[in-house]
Amino acid sequence: MSTLLIRNGTIVTATDLYKGDVFVDGDRISTIGTALTMPADRSIDAAGKYVLPGGIDVHTHLDMPFGGTNSADDFESGTIAAAHGGTTTIVDFAIQYKGQTLHHAWETWMQKAEGKAVIDYGFHMIITELSDQVEQEMDALVRQGVTSFKLFMAYPGVFMLDDASIFRALLRTGQNGGTICMHAENGGVIDVLVKKALAEGKTAPKYHALTRPARAEGEATHRAIALAEMAGVPIYIVHLSAAEALEMVTEARDRGLAAYAETCPQYLFLSYDNYEEPGFEGAKYVMSPPLRPRETQDRLWRGLAFNDLQAISTDHCPFCMKEQKEMGSGDFSKIPNGAPGIETRMSLVYDGGVRTGRISLNRFVELTSTSPAKIFGLFPRKGTIAPGSDADMVIFDPNRSMRLGAQTLHMKVDYNPYEGREVTGVTDTVISRGKVIVDGETFTGRAGAGSFLKRSTR
Ligand SMILES: [Zn+2]
């Protein structure tokens with residue numbers, strides 16, 4: 001067991017802001033104070049920098065099969081990139097394919113992560129087929145620490161569940177304490193619009209966005225919340241992108257319902273305009289839900305500031321332009337859905353949120369770490385700086401700038417949606433369970449050092 005002393009930093013949690021020292025013994029935070037003098041194996045001077053709880057990204061897709069290819073980052077490259085960006089915990093998605101048990105899916109994804117992940121990880125379970133047996137398996141998984149399930153209202157024939165199955169799954173979480181995460185888009189409407197566009201010869205990337213109306217997200221968000229209300233359980237809407245959907249969450253919360261939602265940096269910093277980039281460039285931004293009109297960004301920032309949105313995750317699901325996105329060069333519906341983001345979340349949100357005054361420094365920590373930890377059963381082990389919590393911390397330099405680009409970032413993908421954008425506020429040192437895993441520009445961690453996190457219930 002080794003010890004680490006972080007001195008003279010400005011410690012920031014969701015509620016606190018003060019100058020102090022943090023003493024780490026083994027993999028946990030042991031003591032917080034001022035002018036701590038205990039001897040340590042290593043001492044880091046954090047003067048002029050913030051000491052933040054490690055980032056928690058509860059929406060990633062590493063090594064995920066999609067349309068005959070796999071997302072470009074596996075659990076090693078993806079978690080190394082996450083670490084460089086100041087994220088020390090991810091919750092990824094295991095997928096139950098039709099005809100398979102949930103247990104089989106969980107084992108498959110555990111194997112993908114084992115020996116590779118450099119930071120701690122948990123799993124949500126995607127359910128694509130619900131039977132009596134699957135319902136019983138939900139209970140078993142919750143006991144094993146997989147306490148959240150993702151359901152789809154989109155992608156008919158692949159992932160989409162009907163309302164009856166969704167309602168049954170919601171009711172089950174009322175008994176087993178799990179949480180339902182919902183991909184809320186009206187898949188039936190979208191399917192019709194996609195077929196119609198293709199029949200009219202509209203094949204360019206921008207038609208991905210034009211066939212997924214904001215109202216399709218608003219409608220599904222409303223329906224998801226109504227189903228959860230009738231089941232008497234909480235619900236969490238993933239990757240909320242549209243003002244129409246935010247209105248539904250806000251209205252539900254105003255009525256006192258336990259409706260939660262996350263948004264992602266791409267919806268805060270990019271917009272529909274990106275699909276109008278020349279040639280096939282728009283494919284870089286093909287993701288679901290799609291990027292929305294630029295005006296939506298202000299609405300989302302307001303939702304984050306006023307707690308109608310409780311988390312910022314990435315939906316990191318990278319596909320290279322070469323050979324992967326290219327599969328849809330003659331048909332937008334064949335472009336793999338997803339974009340890279342696991343490494344850029346903290347700096348983008350700090351730069352575009354805190355520095356501009358849209359959210360406070362404490363709210364930044366809450367949205368990127370504390371609140372996702374609480375919603376998904378990781379708090380107080382993760383998501384704060386406190387004695388007894390895991391020593392997952394980021395020493396963050398608020399004054400240093402960097403230019404984002406595919407060449408310098410660590411994600412294994414041949415483009416970056418924010419190419420050339422300069423951000424101020426950069427990760428300096430990253431500590432995962434007491435060990436320094438990123439030291440300046442250098443990765444000093446180890447593949448396989450990350451552990452599976454058994455998460456608790458509500
Ligand atoms: Zn996703």
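Ligands are counted one by one from 1 in listed order, and the atoms in each one are counted from 1 as well. On a predicted model such as this, the values are computed, not experimentally measured, just so you know.
Using a 4.0 Å cut-off between a side-chain N of Lys or Arg and a carboxylate O of Asp or Glu, Lys112 and Asp92 do not qualify as a salt bridge. The existence of a salt bridge linking Arg143 and Asp139 is excluded, since no basic side-chain nitrogen approaches an acidic carboxylate oxygen closer than 4.0 Å. The pair Asp308-Arg302 fails the salt-bridge criterion, with no side-chain N (NZ, NE, NH1 or NH2) lying under 4.0 Å from an Asp/Glu carboxylate O. Taking 4.0 Å as the cut-off between side-chain N and carboxylate O, Asp132 and Arg168 count as a salt-bridged pair.
Side-chain polar atoms of Ser77 and Asp73 form a donor-acceptor pair below 3.5 angstrom.
If you look at the Zn ion (ligand 1), the protein N, O or S atoms less than 2.8 Å from it are His59 NE2, His61 NE2, Asp315 OD1.
Using a 30° and 60° split on the angle between ring planes, Tyr275 and Tyr285 fall in the perpendicular class, above 60°.
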